[in-house]
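Right, one structure below, let's go through it.
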Amino acid sequence: MIDQKLIDRINELANKKKTVGLTDEELIEQAELRRIYLEAFRKNFRAQLDNLDIEFVEDLEQN
């Protein structure tokens with residue numbers, strides 16, 4: 001699950017990377033947090049797609 005704490009930490013590391021740079025440990029942490037975020041995002045998106053119902057309706061205009 002994607003929680004605000006995870007997003008905040010990802011953003012914090014991204015901002016630090018832009019300003020002063022990251023240590024090797026922080027780079028590893030950033031990669032792991034991104035992996036966790038993307039995994040959760042894909043799982044949630046897949047669940048939404050699985051619950052999507054699509055109905056095909058024939059075109060009623062017959063000219």
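Hydrogens, waters and symmetry mates play no part in the numbers below; they use all other heavy atoms, side chains included.
D3 meets the side chain to side chain contact (heavy atoms under 4.5 Å, CB included) test with K5, L6; sequence neighbours excluded. Among residues two or more places apart in sequence or in another chain, the salt bridge (charged side-chain N to carboxylate O under 4.0 Å, His left out) test is passed with R34 by none.
Under the 4.5 Å side-chain contact rule for hydrophobic residues, I28 and I36 do not share a cluster.
Taken from CG in L33 to CD in E12, the straight-line distance is 10.0 Å, to the nearest 0.5 Å.
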With a 3.5 Å cut-off and sequence neighbours excluded, list the donor-acceptor pairs that the side chains of residues 13-23 form with protein atoms.
from: N15; atom 1: ND2; to: N11; atom 2: O; distance (Å): 3.3
from: K16; atom 1: NZ; to: E26; atom 2: OE1; distance (Å): 3.1
from: K16; atom 1: NZ; to: E26; atom 2: OE2; distance (Å): 2.6
from: T19; atom 1: OG1; to: N15; atom 2: O; distance (Å): 3.2
from: T19; atom 1: OG1; to: K16; atom 2: O; distance (Å): 3.2
from: T23; atom 1: OG1; to: E25; atom 2: OE1; distance (Å): 3.4
from: T23; atom 1: OG1; to: E26; atom 2: N; distance (Å): 3.1
from: T23; atom 1: OG1; to: E26; atom 2: OE1; distance (Å): 3.4

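Pairs engaging residues 35-49 under the side chain to side chain donor-acceptor pair (under 3.5 Å) rule: E32-R35, R35-E39 [sequence neighbours left out].
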